[in-house]
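Residue numbering restarts at 1 for every chain, and letters A, B, ... go by the order of the sequence lines.
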2 protein chains.
Amino acid sequence: MNKADLITEVQKHLGIECSKAHAERAVNAVLSAVTRGLQVDGEVQVVGFGTFHVKDRAARTGLNPQTKQPMQIPASRTVGFRVGSGLRSAVAPPREDAS
Amino acid sequence: MNKADLITEVQKHLGIECSKAHAERAVNAVLSAVTRGLQVDGEVQVVGFGTFHVKDRAARTGLNPQTKQPMQIPASRTVGFRVGSGLRSAVAPPREDAS
DNA sequence: AAACCATGAATAAGGCCGACCTGATCACCG
DNA sequence: CGGTGATCAGGTCGGCCTTATTCATGGTTT
């Protein structure tokens, strides 16, 4: 699924009277809000879906794949995601003993 | 940031004429759509923000922290997230040599 | 619809960091 | 108020990150 597909799916969820442009604004607003929350709080938690959190990684040693020489990977900041129980169970494989 | 804060921030992004309830529906629609995309495609990619992907993890050996005895962690399915370059740079620390 | 630019995936190998297990507790969320 | 989520113990295994190139895809603009 890409962004266009996501917008289409959001439109379905919002109801068919919602325009595609409106759904697009909703998607962009949510992504921007998550980004803003990470900038301000370092963490965005949506219970049941998951938690985004800013991670600082210390400098470490890596290998340059071209030269095979060790090199220093500088300290960096990235964003991690811990999946919540609702999302985890939503993607779980079907139960074998469901019937 | 929690879900209520996220909804408030989304409302700001959508414009002040958008109600809180409307912003909440937008948030829920986006989360549901991402969930649906993961169920159907196994992956949801938003260029610049990041990519959610369903991961199957094989069974592996772990340690029961209570008993200190090795135990088998059963195969499972979870959701990973690879941060996109836009989000990564949005949370990056300020440049020291910006001026 | 087409064009154009940006983003992202894949690949090489090594070393380090993070996920995950259980069970209890507490805080927070909705 | 009930459910979710974070924390903690320690060992093992999987994933991250490096560079440079190429190609595919995505997304916005025209």
**Request:** Quick one: pull up NE2 in A:H53 and CZ in A:F81 and give me the separation to the nearest 0.5 Å.
**Result:** 10.0 Å
**Message:** I need the full list of salt bridge (Lys or Arg N to Asp or Glu O under 4.0 Å) pairs touching residues 47-71 of chain B, with sequence neighbours left out, sorted by first then second residue.
**Reply:** B:D56-B:R77
**Prompt:** Closest nucleotide of DNA chain C for B:A4 versus for A:A59: which of these residues is on the 5' side?
**Reply:** A:A59
**Message:** So which atom in A:I73 and which in A:G62 form the shortest heavy-atom distance, rounded to 0.1 Å?
**Reply:** CD1-CA, 3.7 Å
Atom pairs and distances, donor-acceptor, side-chain atoms in residues 83-94 of chain A, under 3.5 Å, two or more places apart:
residue	atom	partner	partner atom	Å
A:S89	OG	A:S85	O	3.1
A:S89	OG	A:G86	O	3.1

Residues 12-26 of chain B side chain polar contacts: donor-acceptor under 3.5 Å, at least two apart:
residue	atom	partner	partner atom	Å
B:H13	NE2	B:E9	OE2	3.4
B:S19	OG	B:H22	N	3.0
B:H22	NE2	A:H22	NE2	3.0

**Prompt:** What does the inter-axis angle of the helix from C:dA1-D:dT30 to C:dG30-D:dC1 come out as, five pairs per end, nearest 10 degrees?
**Reply:** 160°
Are there any protein N/O atoms within less than 3.5 Å of an N/O atom in nucleotides 11-16 of chain C, and if so, which ones and at what distance?
none

**Asked** So, for B:V27 and B:V10, which heavy atoms are closest and what is the spacing to 0.1 Å?
**Response** CG2-CG2, 3.8 Å
**Item:** By side chain to side chain contact (heavy atoms under 4.5 Å, CB included) - contacts of B:Q66 (at least two apart)
**Value:** B:N64
**Item:** side chain to side chain contact (heavy atoms under 4.5 Å, CB included) involving B:D5 - partner list, sequence neighbours excluded
**Value:** B:M1, B:N2
**Prompt:** What residues, two or more places apart in sequence or in another chain, satisfy salt bridge (charged side-chain N to carboxylate O under 4.0 Å, His left out) together with A:R82?
**Reply:** A:E43
**Item:** Of all pairs that satisfy side-chain hydrogen bond (donor to acceptor under 3.5 Å, both in side chains), the ones with a partner from residues 26-37 of chain A, not counting sequence neighbours
**Value:** A:K3-A:N28, A:R36-A:Q39
**Fill in**
For A:V34 and A:F52, the nearest pair of non-hydrogen atoms, with its separation, is CG1-CD1, 4.1 Å
**Message:** Counting C-beta onward and ignoring hydrogens, is there a side-chain heavy-atom pair between A:T51 and A:V44 closer than 4.5 Å?
**Reply:** no
**Request:** Specify the closest pair of heavy atoms between A:A33 and B:L6, including all atoms of both residues, with the distance to one decimal.
**Result:** CB-CD1, 3.6 Å
**Prompt:** Where does the chain B footprint on DNA chain D start and end, counting 5' to 3' with a 4.0 Å heavy-atom cut-off?
**Reply:** D:dA9 to D:dG27
**Asked** Considering all heavy atoms of both residues, which atom of B:T61 and which atom of B:P70 are nearest to each other, and what is their separation?
**Response** CG2-CB, 4.4 Å
**Fill in**
Sorted by number, residues from residues 75-88 of chain A placing a heavy atom under 4.0 Å from DNA chain D are A:R82, A:G84, A:S85
**Item:** Nucleic acid contacts - residues 35-49 of chain A versus DNA chain D, non-hydrogen atoms under 4.0 Å
**Value:** A:Q45, A:V47, A:G48
**Asked** NZ of B:K20 versus C1' of C:dG30: gap in Å, rounded?
**Response** 14 Å
**Request:** Whole angstrom is fine here: how far is it from CG in B:L31 over to C1' in C:dG30?
**Result:** 14 Å
